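This report concerns only the one structure given below.
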Amino acid sequence: AIPLALGLLVFCGVSLRNILRYKEPGKRASSGFPMSLWALLVGAGSLAMFAEALALIAGDVTGAVQVPLDALTTLGLAGFVAGCILHAWSVETRGRYATSWSMGSNHKLITGGPYGLVRHPSYLAYFLMIIGVTLVWRRWFTLLPWAAIPGYVVISRIEEEMLVNTFGDQYRDYMNRVGAYTPKLR
């Protein structure tokens, strides 16, 4: 329970701090975000993953959930915590420049930090957290958050179209150098 709780604390703390730091008064955060079936899958799957993680924490604390301490659990906890840390790192690195929310005329292309390893570190982070919860709990309902993964893939493609339209060859060069969800071998 402690690794899950610490991971969620890091994830939520950095995300909330970033939202509060860069929120512009009177501006909606989702002004440019495409509402679609894909976005709904992302939202529902992500919420299910967080609910499952919180239920695991609560169940472990109360003794209602017994999780075996074995290699799969350890791998799942490591994946979940790594995902939380990767997400926090990407949020800190990009600061106010989140493509899904909006892209103003002064938008900056972020290619350092985790964005130097993969183009979509936040989405990779969610993949790691979803896989991690599944490996820790190993129940049928832990497959529900997996519905978010195709949504993240489609939304990342929409974002990349926006980025190509905004940055042109600069973003195309970045795409050639850096993999979407896994680092490219050089």
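Quantities reported herein were computed from a predicted structural model and do not represent experimental measurements.
Once rounded to the nearest 0.5 Å, the distance linking CZ of F167 with NZ of K108 reads 10.0 Å. Rounded to the nearest 0.5 angstrom, L124 CG and Y152 OH are separated by 11.5 Å. Taken from CG in L117 to OG1 in T111, the straight-line distance is 11.0 Å, to the nearest 0.5 Å. Residue R177 holds its CZ atom at 10.5 Å from CZ of R119, rounded to the nearest 0.5 Å. Atoms OH and CE, from Y171 and M162 in turn, are 11.0 Å apart once rounded to the nearest 0.5 Å. Rounding to the nearest 0.5 Å gives a distance of 6.5 Å between CG of L86 and CG of L128.
One hydrophobic cluster, built from ILVMFWY side chains closer than 4.5 Å, cannot hold both L47 and L9; they sit in different ones. In the hydrophobic cluster analysis, where Ile, Leu, Val, Met, Phe, Trp and Tyr join through side-chain heavy atoms closer than 4.5 angstrom, I155 is grouped together with W146. The hydrophobic clustering, which links ILVMFWY residues whose side-chain heavy atoms are closer than 4.5 Å, places I85 and V118 apart.
Here the closest non-hydrogen pair linking L72 and L135 is O-CB, 3.6 Å. Of all the heavy atoms in P145 and I130, the pair that sits closest is O-CD1, 3.6 Å. Across all their heavy atoms, P121 and P114 have their closest contact at CB-CB, 3.7 Å. When every heavy atom of N176 is checked against every heavy atom of K184, the shortest pair comes out as O-NZ, 2.9 Å. Here the shortest heavy-atom pairing between G151 and V42 reads C-CG2, 3.3 Å.
Proximity of T142 to R138: side-chain heavy atoms (C-beta onward) are nowhere separated by under 4.5 Å. No side-chain heavy atom of L163 sits less than 4.5 Å from a side-chain heavy atom of M175. Side chains of I149 and Y181 form no contact here, defined as non-hydrogen atoms less than 4.5 Å apart. Using a 4.5 Å cut-off on side-chain heavy atoms (C-beta onward), L6 and V81 make no contact. Using a 4.5 Å heavy-atom cutoff, the side chains of E160 and Y174 are not in contact. Here the side chains of Y115 and S122 are in contact, with some heavy-atom distance below 4.5 Å.
Heavy-atom neighbours of R172 CZ from other residues, nucleotides or ligands within 6.0 Å: above the threshold of 12.
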Does the pair Y126 and Y123 meet the rule for a ring-ring contact (aromatic ring centres under 6.0 Å, His included), with working shown?
CA-CA 5 Å; Y126 279 109; Y123 297 156; 7.1 Å; no
Please step through side-chain contact (heavy atoms from CB on, under 4.5 Å) for the pair M49 and F80, ending with a clear verdict.
CA-CA 10 Å; M49 184 265 304; F80 186 86; 3.7 Å; yes
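Remark: the backbone N or O of L69 is not paired with any side-chain donor or acceptor of T73 at under 3.5 angstrom.
Ionic pairing of R139 and E52 is not present here: no N-O contact between side-chain nitrogen and carboxylate oxygen is shorter than 4.0 angstrom.
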